[in-house]
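Quick note on labels: first sequence line is chain A, next is B, and so on, each numbered from 1.
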Number of protein chains: 2
Amino acid sequence: MGRTAGRDPEQTRAALLDAASRLVRERGISATLDDVARRAGVSKGGLLYHFASKHELLLALATDWLERFRVAVLAAVPPDDDAPGRLVRAYVRVSIDGALDAAATRDALVVIAHLSTVDAVTELARADAQRWQEDLRADGLPEDVLSLVLAAADGVSAQPVWGMEPAPEELTRLREHLLALTVVDR
Amino acid sequence: MGRTAGRDPEQTRAALLDAASRLVRERGISATLDDVARRAGVSKGGLLYHFASKHELLLALATDWLERFRVAVLAAVPPDDDAPGRLVRAYVRVSIDGALDAAATRDALVVIAHLSTVDAVTELARADAQRWQEDLRADGLPEDVLSLVLAAADGVSAQPVWGMEPAPEELTRLREHLLALTVVDR
DNA sequence: ACAACTGTACCGTCCAGCCGGTACAGTTTC
DNA sequence: GAAACTGTACCGGCTGGACGGTACAGTTGT
């Protein structure tokens with residue numbers, strides 16, 4: 001018993017969030033605190049030390065994802081690109097490459113959908129979506145192109161939720177197509 | 001007690017599915033059998049008479065939606081349209097008009113996402129998606145157009161899940177844009 | 001000395017599934 | 001034609017187990 005040899009509390013927190021993430025996407029919101037703790041290699045007491053309640057854990061989970069996505073998109077803006085649509089292009093790349101690699105973003109939506117029963121999370125997502133809309137609108141693309149490209153990018157993220165799994169090659173082609181659409185104009 | 005005067009059992013079943021649908025989208029998969037029964041104006045025993053377990057109820061729910069969507073799309077194919085892309089156009093119309101009217105399809109995705117914790121439902125959705133892919137591929141559109149238009153339509157259905165609510169006017173414009181894309185070629 | 005835990009024990013509540021009834025509509029038997 | 005029986009469509013109380021949260025005493029790294 002006691003602190004696990006030289007473990008950073010931040011690491012523990014991250015391990016808890018990661019375990020929670022995977023469990024929520026497997027079992028939905030009915031994932032158990034016990035399970036989350038066990039998978040993270042932490043006791044239930046330890047979990048409740050970091051997150052005072054299940055509600056708080058789920059909220060942290062959602063916050064974490066939204067922020068990761070935002071950071072990923074901002075990081076995907078090439079420094080030498082200052083043409084209109086640079087942010088939209090980064091958004092497209094992260095959305096589709098997230099769908100390409102089997103891991104992260106693909107399932108994030110499932111989790112957010114699961115969490116949508118938690119009111120606070122719904123509100124969080126709504127606020128975040130609004131912010132995206134403003135940021136992307138300020139990116140200088142004509143509205144028609146913007147809504148088309150955005151819908152398509154979001155569609156790719158969403159399709160796996162209802163069992164649609166486009167071939168990687170098809171996704172690559174679609175990505176290039178979308179990127180091209182954001183450049184046609186000047 | 002006993003049979004409520006002249007009530008059709010099919011009506012009861014439908015009422016149960018409807019109640020379940022609305023409750024699942026409000027509270028997620030943790031919606032209670034008691035709640036579902038109460039909202040449908042039936043006792044818990046009555047519910048379990050129609051659906052032997054919660055699992056069976058959820059499965060029936062998913063089946064019901066997938067079929068409704070398919071029927072809606074098939075009904076949206078204009079009889080006088082036999083140009084390539086007729087099915088895709090119907091798919092687009094149903095997807096976007098479903099998002100336009102605040103009621104049905106918009107939330108269906110949330111529900112499916114909730115139900116995705118039920119393995120049988122995941123499998124069901126996967127099989128259905130595959131069938132769509134075949135049907136739509138057989139519709140005679142070039143692959144590039146197909147995947148773009150499909151992704152965009154699916155994106156519109158999905159966006160409300162994470163709090164994005166495009167303006168109705170924007171959706172109408174997007175719909176026309178997508179429909180036009182399916183006609184450009186011949 | 002304090003932060004970061006572990007482990008155990010426990011409480012209260014919620015809920016799925018079960019079960020013993022009940023009410024009626026047909027159907028059969030005499 | 002009426003009593004006896006049968007199947008369908010429910011009602012509602014109960015129970016056992018799971019789960020969130022509490023409490024707290026002990027342990028260990030820094």
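Among residue pairs with one or both ends in residues 50-64 of chain A, those qualifying as side chain to side chain donor-acceptor pair (under 3.5 Å) are A:D64-A:R68; sequence neighbours excluded. Applying the ring pair (Phe, Tyr, Trp, His ring centres under 6.0 Å) rule to pairs touching residues 144-178 of chain A yields nothing, sequence neighbours excluded.
An OP1 or OP2 oxygen of C:dA4 is reached within less than 4.0 angstrom by a side-chain nitrogen or oxygen of A:Y49.
Residue-level contact check: A:L48 touches the bases, meaning some heavy atom is under 4.0 Å from a base atom.
The distance between atom CZ of A:R13 and atom C1' of C:dC5, rounded to the nearest whole Å, is 16 Å. Whole-Å rounding puts the B:L47 CG to C:dC19 P distance at 17 Å. Atom C1' of nucleotide D:dG21 and atom NE2 of A:H50 are separated by 17 Å, given to the nearest angstrom. Nucleotide C:dT13 holds its P atom 19 Å from the NZ atom of A:K54, rounded to whole Å. At whole-Å resolution of the value, CD in B:E56 and P in C:dA16 are 15 Å apart. Rounded to an integer number of Å, the gap from CG of A:L57 to P of D:dC19 is 15 Å.
The pair A:D80-A:R86 fails the salt-bridge criterion, with no side-chain N (NZ, NE, NH1 or NH2) lying under 4.0 Å from an Asp/Glu carboxylate O. We find that B:R126 and A:E165 are not joined by a salt bridge, their nearest charged nitrogen and carboxylate oxygen being 4.0 Å or further apart.
Applying the 3.5 Å distance criterion, the base of C:dG7 shares no donor-acceptor pair with the side chain of A:K44.
Listed candidates were C:dA4, C:dA16, D:dC10. Nearest to the side chain of B:S43 is D:dC10.
Within residues 26-39 of chain A, the residues approaching DNA chain D are A:A31, A:T32, A:L33, by heavy-atom distance under 4.0 Å.
Between the side chains of B:T182 and B:R89, at least one donor-acceptor pair of N or O atoms lies under 3.5 Å.
Side chain of B:R175 to main chain of B:I96: no donor-acceptor pair is present (N/O by atom type, distance under 3.5 Å, no hydrogens or angles).
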